[in-house]
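The model shown is predicted, which means the values in this text are computed figures rather than measured ones.
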Amino acid sequence: MKHLFDHAATTDGITVRVTVNFLPEQSDPSNNKWFWIYHIRIENASNERVQLMMRHWRITDAQGLVRHVDGEGVVGEQPVLTPGRSHDYVSGCPLTTPFGSMEGFYTFHREDGSPIEVRIPFFPLAAPATAH
């Protein structure tokens with residue numbers, strides 16, 4: 001199945017692609033709860049093996065409240081990407097407002113142990129007008 005990714009950023013040959021979907025069945029606007037899932041594909045077009053070690057997210061809601069989320073790997077994994085390989089995962093983000101955004105970076109380690117910060121593109125979180 002081919003996914004169309006809406007947002008992309010490339011750092012040193014590593015591309016992060018994102019597509020996001022609002023989930024009305026997981027949302028409850030009457031209780032200020034909106035929920036999105038996002039699908040991320042990380043593609044290694046560099047000529048070296050890298051391992052995703054850490055993630056850093058900057059999540060902003062419609063009121064300008066910023067939440068920083070740091071953690072090891074992605075969804076419990078620290079994937080190794082050899083040249084030409086990609087890694088896909090899906091995760092979710094709840095907000096207390098119907099609009100917001102996410103952006104951030106991954107910290108990868110190269111084979112020699114040196115770190116590289118790979119940008120995660122900015123992407124909006126927006127509930128459909130009918131979900132307010």
* To do: Check side-chain hydrogen bond (donor to acceptor under 3.5 Å, both in side chains) between Ser27 and all other residues, then give those that pass, not counting sequence neighbours.
  => none

* Closest approach of Pro124 and Val20, non-hydrogen atoms and distance? -> O-CG1, 3.6 Å

* Closest non-hydrogen atom pair, Phe22 against Pro128 -> CD2-CD, 3.2 Å

* Is the shortest distance from a Lys or Arg side-chain nitrogen in Asp70 or Arg58 to a carboxylate oxygen in the other one below 4.0 Å? -> no

* Of all the heavy-atom pairs spanning Arg49 and Pro83, show the shortest one and how long it is. => N-CD, 4.0 Å

* Looking only at non-hydrogen atoms, find the nearest pair between Ile42 and Ile40 and report the distance. => CG1-CG2, 3.9 Å

* Asked: CD1 of Ile120 to NE2 of His7: how many Å apart, nearest 0.5 Å?
  -> 13.0 Å

* Asked: Heavy atoms, side chains only, cut-off 4.5 Å: are Cys93 and Arg67 in contact?
  -> yes

* For Asp28, what residues pass the side-chain contact (heavy atoms from CB on, under 4.5 Å) criterion, not counting sequence neighbours? -> Ser30, Asn31, Lys33

* Asked: Does CZ in Arg55 sit with more than 12 non-hydrogen atoms of other residues, nucleotides or ligands closer than 6.0 Å?
  -> yes

* Asked: Checking Thr19 side chain against Phe5 main chain: does a donor-acceptor pair fall under 3.5 Å?
  -> no

* Does any N or O in the side chain of Asn44 come within less than 3.5 Å of the main-chain N or O of Leu81, such that one atom is a donor and the other an acceptor? -> yes

* Asked: Rounded to the nearest 0.5 Å, what separation is found between the CG atom of Leu52 and the NE2 atom of His109?
  -> 10.0 Å

* Asked: Can you name the closest pair of heavy atoms from Tyr106 and Val74 and give their distance?
  -> CE2-CG1, 3.6 Å

* Rounded to the nearest 0.5 Å, how far apart are OG1 of Thr10 and CD of Glu43? -> 8.0 Å

* Can you tell me how far the CD atom of Glu72 sits from the CE atom of Met54, to the nearest 0.5 Å? -> 6.0 Å

* Considering all heavy atoms, the nearest Thr15-Ala8 contact -> CG2-CB, 4.4 Å

* To do: Examine distances only and state if a side-chain atom of Gln78 and a backbone atom of Met53 form a donor-acceptor pair shorter than 3.5 Å.
  => yes

* To do: List the steps, then state whether ring-ring contact (aromatic ring centres under 6.0 Å, His included) holds for Trp57 with Tyr38.
  => CA-CA 13 Å; Trp57 285 106; Tyr38 52 90; 5.3 Å; yes

* Determine, step by step, whether Val50 and Ile14 satisfy the side chain to side chain contact (heavy atoms under 4.5 Å, CB included) criterion, reporting the C-alpha distance in whole Å, the side-chain angles of both residues, the deciding distance to 0.1 Å, and the verdict. => CA-CA 9 Å; Val50 294; Ile14 300 169; 3.9 Å; yes

* Asked: Do Val69 and Leu95 share a hydrophobic cluster (ILVMFWY, side-chain heavy atoms under 4.5 Å, transitive)?
  -> yes

* Heavy atoms from other residues, nucleotides or ligands near CD of Glu111 exceed 12 (cutoff 6.0 Å) -> yes

* Nearest-0.5 Å distance, CG of residue Asn32 to OG1 of residue Thr96 -> 6.5 Å

* same_hphob_cluster(Ile116, Val16) at 4.5 Å side-chain heavy-atom cutoff -> yes

* To do: Please round to the nearest 0.5 Å and tell me the distance separating atom CG of Leu125 and atom CD1 of Ile59.
  => 8.0 Å

* Under the side-chain hydrogen bond (donor to acceptor under 3.5 Å, both in side chains) test, which residues partner Arg119, sequence neighbours left out? -> none

* Asked: With a 4.5 Å heavy-atom cut-off, do Phe123 and Ser101 have their side chains touching?
  -> no

* To do: Check whether the ring centres of His39 and Tyr89 lie less than 6.0 Å apart, and answer yes or no.
  => no

* To do: Report yes if some heavy atom in the side chain of Asp12 is under 4.5 Å from a heavy atom in the side chain of Arg110; otherwise report no.
  => yes

* Asked: Does Val75 belong to the same Ile/Leu/Val/Met/Phe/Trp/Tyr cluster as Phe35, with side-chain heavy atoms less than 4.5 Å apart forming each link?
  -> no

